[in-house]
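This report concerns only the one structure given below.
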Amino acid sequence: MRQSELFTKTKKEVPTDEVSKNAELLIRGGFIYKEMAGVYSYLPLGLLVLNKIENIIREEMNAIGGQEIIMTALQNPELWKKTDRWDNEKVDIWFKTKLKNNTELGLAFTHEEPLTNIMKNYISSYRDLPKSVYQFQNKFRNEVRAKSGIMRTREFIMKDLYSFSKNEAEHLEFYEKAKKAYTKIFERSGIGHLTYLTFASGGSFSKFSHEFQTVTSTGEDTIYVNEENNIAINKEVFTDDVKKDLSLSGDFKETKAVEVGNIFTLGTRFSDALDLTYQTEKGDKKPVFMGSYGIGPARLMGTIVEALADDKGIIWPETVAPFQVHLLALGEDEAVLVEADKIYESLSANSEVLFDDRREISAGEKFADADLLGIPYRAVISSRSLKEGGVELKKRAEEKGKVVSLKELLVLLKPSA
Ligand code: ATP
Ligand code: MG
């Protein structure tokens with residue numbers, strides 16, 4: 001893509017009420033637009049990143065047998081009354097609305113109820129189980145605090161998967177698979193080395209739930225990391241009993257972290273309330289045993305920014321970057337610009353390239369923008385680089401680049417099979 005055609009522009013200023021690093025850098029880079037506190041739109045660069053993250057998640061969910069759907073934001077209160085989750089005293093984050101005839105509706109903050117209800121139409125026998133279903137869909141939550149940029153918003157896309165099993169044993173088999181899939185997702189997103197499987201409080205059907213917590217100084221959660229076992233415990237359940245329970249030896253280090261994902265055993269809480277049952281091989285009727293598995297792609301995107309950025313701007317891992325290469329044409333020399341255009345055309349046949357072809361922008365400004373946008377490779381074409389034999393290639397996270405020929409560049413940036 002030619003940067004001269006991109007409708008967004010980088011900014012030096014951020015909204016004065018913005019305190020988080022992720023929102024500051026993403027707004028300045030033109031990835032997102034702040035509509036109001038806790039509500040952000042995704043602009044072309046931001047959407048490219050979000051889509052890459054969603055695709056990593058989608059591939060891993062498909063790999064464990066998840067089937068993708070999209071459910072509705074508008075919700076019928078009747079379903080939620082059956083599970084005792086309509087009442088504002090019980091659930092204080094509801095956004096509610098009304099039909100013209102005054103009938104109340106809700107804007108979903110999660111989807112256990114509607115999916116359990118859908119599945120009643122399709123699950124009746126042990127032969128129909130196990131199944132898992134997921135979506136990427138907008139959730140609405142009337143969060144009290146909205147100071148963490150895109151990591152905690154009032155409207156956000158969530159990947160939520162729900163599993164339906166015959167019994168606890170079958171559920172746990174899927175739960176373990178989901179745990180591994182989650183680990184892969186965070187590794188592929190470039191924050192695996194900072195992300196810990198974390199024991200957190202469970203519900204009536206299991207002692208613990210599991211969170212995936214990424215260590216960053218701006219995280220809202222406190223966890224205790226046990227490096228020896230590559231595991232952590234959330235402060236909310238961190239007691240000597242729990243440590244003994246998990247037979248974890250070694251040190252625990254207190255640190256701030258962000259919950260990027262969460263997997264939870266629901267048991268029969270929703271199937272009991274909404275009457276989702278199946279007939280066993282022997283002909284008995286039993287409630288379906290459920291689990292839920294959430295990830296916020298936007299929170300993950302914000303976490304990547306928080307955890308990896310430096311004082312010049314964002315550093316995207318290659319797997320989620322909006323483009324692989326940022327090609328910068330420097331100077332006003334026509335011969336250089338013509339050459340840069342040719343290089344752009346050959347590079348973009350195989351790689352995702354953002355071409356800074358803007359006129360009358362100084363080299364300094366182009367470099368600063370490249371650092372802010374955080375594209376993994378920067379390739380600079382100038383009369384000097386051409387004299388030296390090609391383009392100057394530098395990784396975003398490295399200080400110094402080197403001059404390579406176009407041929408070498410094409411080989412270096414070839415997408416791995
Ligand atoms: P938290 O404790 O941070 O409020 P939660 O327990 O409410 O999170 P879940 O309901 O388990 O979160 O949601 C699943 C995932 O959705 C979370 O792990 C997180 O990645 C994401 N998420 C939750 N709330 C928000 C939000 N307000 N904005 C963006 N992403 C969110
Ligand atoms: Mg919450």
Side-chain angles (χ1 to χ4, degrees), residues 20 22-23 26 32 34-42 46 49-50 53-54 56-57 60-61 73 85 90-95 107-113 115 134-163 175 178-179 181-183 185-186 189 191 194-203 206 208-214 216 218-223 232 234-237 256-266 269-270 290-307:
S20 74
N22 72 83
L26 291 167
I32 59 169
K34 183 175 193 168
E35 300 288 349
M36 60 186 109
V39 184
Y40 298 89
S41 290
Y42 286 75
V49 176
L50 199 62
I53 291 174
E54 287 190 6
I56 291 174
I57 300 172
E60 297 302 335
M61 293 298 100
R85 291 214 286 181
K90 299 264 162 52
V91 175
D92 60 3
I93 52 167
W94 268 117
F95 278 108
L107 295 172
F109 64 94
T110 182
H111 277 85
E112 282 83 0
E113 282 81 348
L115 185 59
Y134 74 97
Q135 62 176 349
F136 289 91
Q137 191 270 353
N138 275 60
K139 305 283 185 257
F140 295 87
R141 293 187 178 183
N142 203 343
E143 303 273 4
V144 182
R145 289 164 301 156
K147 294 210 180 312
S148 300
I150 60 168
M151 300 199 294
R152 181 178 299 284
T153 58
R154 300 195 168 105
E155 174 180 348
F156 62 97
I157 295 170
M158 191 196 283
K159 184 289 296 177
D160 41 336
L161 180 142
Y162 304 89
S163 65
Y175 192 89
K179 210 187 260 174
Y182 267 49
T183 303
I185 288 166
F186 301 118
S189 306
I191 52 165
L194 300 170
T195 305
Y196 292 89
L197 175 71
T198 304
F199 289 84
S201 58
S206 76
F208 300 109
S209 66
H210 293 90
E211 296 172 343
F212 290 79
Q213 294 272 3
T214 307
T216 63
T218 51
E220 289 182 11
D221 289 10
T222 302
I223 61 167
N234 194 309
K235 187 178 184 177
E236 65 183 19
V237 294
K256 289 282 177 201
V258 181
E259 179 205 308
V260 284
N262 179 353
I263 63 177
F264 203 93
T265 296
L266 300 171
R269 152 122 171 74
F270 295 91
M290 292 170 53
S292 75
Y293 312 79
I295 296 184
R299 184 177 289 185
L300 180 48
M301 177 171 161
T303 304
I304 292 168
V305 174
E306 294 278 337

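The chain is numbered in sequence order, starting from 1. Start at 1 and go down the list; that is how both ligands and their atoms are numbered. Nothing here was measured: the structure is a model prediction, and the numbers come from that model.
Remark: the backbone N or O of F109 is not paired with any side-chain donor or acceptor of W94 at under 3.5 angstrom. D160 contributes no side-chain N or O that, together with a main-chain N or O of S292, makes up a donor-acceptor pair within less than 3.5 Å.
Only the backbone of V260 comes within contact range of ligand 1, with a heavy atom under 4.0 Å; no side-chain atom does.
Note on ring orientation: taking the six-membered ring where Trp is involved, the planes of F212 and Y182 are tilted (angle from 30° to 60°).
Looking at atom 30 (N) of ligand 1, its nearest protein heavy atom turns out to be F156 CD1, 3.4 Å. Among protein heavy atoms, atom 11 (O) of ligand 1 sits closest to N262 ND2, 2.9 Å. The protein heavy atom nearest to atom 15 (C) of ligand 1 is G296 N, 3.9 Å. Summary of contacts: the protein heavy atom closest to atom 13 (O) of ligand 1 is M158 CE, 3.3 Å. Scanning all protein heavy atoms for the shortest distance to atom 9 (P) of ligand 1 gives R141 NH1, 3.8 Å.
Ligand 1 lies within reach of M151, whose nearest heavy atom is under 4.0 Å from it. Not a single heavy atom of A298 sits less than 4.0 Å from an atom of ligand 1.
Set against the non-hydrogen atoms of G261, the atoms of ligand 1 under 4.0 Å away are 18 (O). For ligand 1, the atoms sitting less than 4.0 Å from at least one non-hydrogen atom of E143 are 24 (N), 26 (C), 27 (N), numbered in the order shown with element in parentheses.
Between T303 and M151 there is a side-chain heavy-atom pair separated by less than 4.5 Å. Proximity of E60 to K159: side-chain heavy atoms (C-beta onward) are nowhere separated by under 4.5 Å. The side-chain heavy atoms of V260 and Q213, taken from C-beta on, include no pair separated by under 4.5 Å. Put simply, the side chain of T183 does not reach to within 4.5 Å of the side chain of L197, judged on heavy atoms.
Compare T214, T153, I150, N234 by their heavy atoms: the one nearest to atom 28 (N) of ligand 1 is in T153. Ranked by closest heavy atom to atom 25 (C) of ligand 1, the top entry among R152, R299, Q213 is R299. Evaluated by nearest non-hydrogen atom to atom 18 (O) of ligand 1, the leading choice among E259, E220, K139 is E259.
Using a 3.5 Å distance cut-off with no hydrogens or angles, the side chains of S163 and Y293 do pair a donor with an acceptor. One side chain, T218 or E306, offers a donor N or O that lies under 3.5 Å from an acceptor on the other.
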